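These notes concern the structure reproduced below.
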Amino acid sequence: MGDIWWKADPHDLHRVVDRVSSVYIERSHLDRDENAVVIVNKKQTVRLPAAMIAVVLLGPGTRVTHGAIRLLADSGTAVCWVGEQGVRMYAAGLGPARGAGLLHRQAWLVTRPKERLSVARAMYGMRFPGEDVSTATMQQLRGREGTRIRRLYREHARRTGVPWDGRVYKAGDAFAAGDDLNRMLSAANAALYGICHAVIVGIGASPGLGFVHTGSAISFVLDIADLYKADYTIPLAFDLAAKGLREERDARLGLRDSIAETKLLGRIVTDIKALLAADGADIDAPAVGELWDERVGAVPSGINWADGSGAFPGEGDAPPDVAPRAADMGDEHIAVIGPEFVEPADPPEPPR
């Protein structure tokens, strides 16, 4: 009888493309029962086969055992500790069974000026539907984007009646500069960065390898978040300001509800795949880990190469197709949310 799947080699695991994209968990307890993760709360108990989950997002009120984390890691499942509906990103981990194909693809694109420009144009093209950006320079694209954003600010100011005097913010502190509207914009954008960060880490890409932004550990997060500000954070900030709401929590909760309602998580996954995957490519997890070779690209690992030949089997022929392939996520997103915590009632006073 073969070993149970969670002790098997990585190539025995389910293809990541066949998995559920994400499972978001809130106000629940995660434990392990044989080869499944068990999610328990006062409302329900849900059993999930770990090998079928691409990323687990642990939200507020979640407790998790060492056994559950070990099982998820052995299955190649990413785990992210996040805020409500993923609007903050606190920490993340990837198990050793996860492939690096998408990261390789991202690094290859970002280190070649022609390919990097192509991805950057595609990002701007998503903001200018129906317009041809195939020959635009980065300077031209930045100018067009600036004009678009200024127009959006003016339109939402007219729509809501909220005065707009220009964008003012201080990086890292949403409430350090500007009027209430500016502070709400900064708070909403920070929340948007959280969910984009969680998705990027969850699918195995690098948050630091940006195409438009550069120099920051979250450059790619900023790239991806910019695709959605016009639909989410800008109108939200004006709407909140029109209602007289000015707390950071108001922006975070407003964005959380909008994200859940419109299923933004799945849209982010789809957009990243479209930007990074080669045309027509079937991005998938690698069959096994490999070793880099300067002539043929990669050779199998787990083999003793000390036979004295120093040659790759079949050398002289066309190199085998062993290029790493990217981790993917499916189209299904599941949320398991326990009931609201209820404060215990005051005990009755003892009889006198």
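In this text the structure is predicted, and so the values were computed from the model without any measurement. Count residues from 1 along the sequence. Below, all heavy atoms of this structure are taken into account, side chains as well, without hydrogens, waters or symmetry copies.
Using a 4.0 Å cut-off between charged side-chain N and carboxylate O, Glu145 and Arg148 make a salt bridge.
Under a cut-off of 6.0 angstrom, the local environment of CZ in Arg159 is crowded, with over 12 non-hydrogen atoms contributed by other residues, nucleotides or ligands.
For the pair Leu209 and Leu109, the minimum side-chain heavy-atom distance is 4.5 Å or more. Two residues are said to be in side-chain contact when any heavy atoms from C-beta on lie closer than 4.5 Å; Phe220 and Leu276 meet this criterion. Within the 4.5 Å cutoff, no side-chain heavy atoms of Ser258 are placed close to those of Leu236. Arg116 places a side-chain heavy atom less than 4.5 Å from the side chain of Thr214. Side-chain contact between Val64 and Val56: absent, with no pair of heavy atoms (C-beta onward) separated by less than 4.5 Å. Residues Val269 and Val199 are in side-chain contact: their nearest non-hydrogen atoms beyond the backbone lie under 4.5 Å apart. Looking at His213 and Asp226, their side chains come closer than 4.5 Å, going by heavy atoms from C-beta outward. Proximity of Leu30 to Leu58: side-chain heavy atoms (C-beta onward) are separated by under 4.5 Å at one or more points.
In this structure, Ser28 contributes its side chain and Glu26 its backbone to a donor-acceptor pair below 3.5 Å. Between the side chain of Arg252 and the backbone N or O of Ala187, no donor-acceptor pair lies under 3.5 Å. At distances below 3.5 Å, at least one donor-acceptor pair connects side-chain atoms of Ser186 with backbone N or O atoms of Asn182. Between the Arg27 side chain and the Pro339 main chain, a donor and an acceptor come within less than 3.5 Å of each other. Not one N or O on the side chain of Arg127 forms a donor-acceptor pair closer than 3.5 Å with the backbone of Leu227.
The two residues Ala198 and Leu57 have their closest heavy-atom pair at CB-CD2, 4.2 Å. Val212 and Ala120 make their closest contact through CG2-CB, 4.0 Å (heavy atoms, listed as atom of the first residue, atom of the second, distance). The heavy-atom pair separating Leu192 from Ala225 by the smallest distance is CD2-O, 3.4 Å. Nearest heavy atom pair, residue Ala251 against residue Ala188, reads CB-N, 3.9 Å. Nearest heavy atom pair, residue Ile69 against residue Val79, reads CD1-CG1, 4.0 Å. For the residue pair Arg144 and Asp132, the shortest heavy atom distance occurs at NH1-O, 4.0 Å.
Sorted by first then second residue, the ring pair (Phe, Tyr, Trp, His ring centres under 6.0 Å) pairs that include residues 40-83, not counting sequence neighbours, number zero. For residues 45-62, every residue pair satisfying the salt bridge (charged side-chain N to carboxylate O under 4.0 Å, His left out) rule, not counting sequence neighbours, is listed here: Asp33-Arg47.
Between Tyr124 and Phe128, the two ring planes are parallel [angle under 30°; tilted spans 30° to 60°].
In this structure, Ile195 is not a member of the same hydrophobic cluster as Ile234, with clusters built from ILVMFWY side-chain heavy atoms closer than 4.5 Å.
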**Report entry** Derivation of the side-chain contact (heavy atoms from CB on, under 4.5 Å) call for Ile224 and Met123
**Finding:** CA-CA 8 Å; Ile224 297 302; Met123 288 180 170; 4.2 Å; yes
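Residues satisfying the ring-ring contact (aromatic ring centres under 6.0 Å, His included) test with Trp164, not counting sequence neighbours, are Tyr153, Phe238.
Taken to the nearest 0.5 Å, the OG1 atom of Thr62 stands 7.0 Å off from the OH atom of Tyr24.
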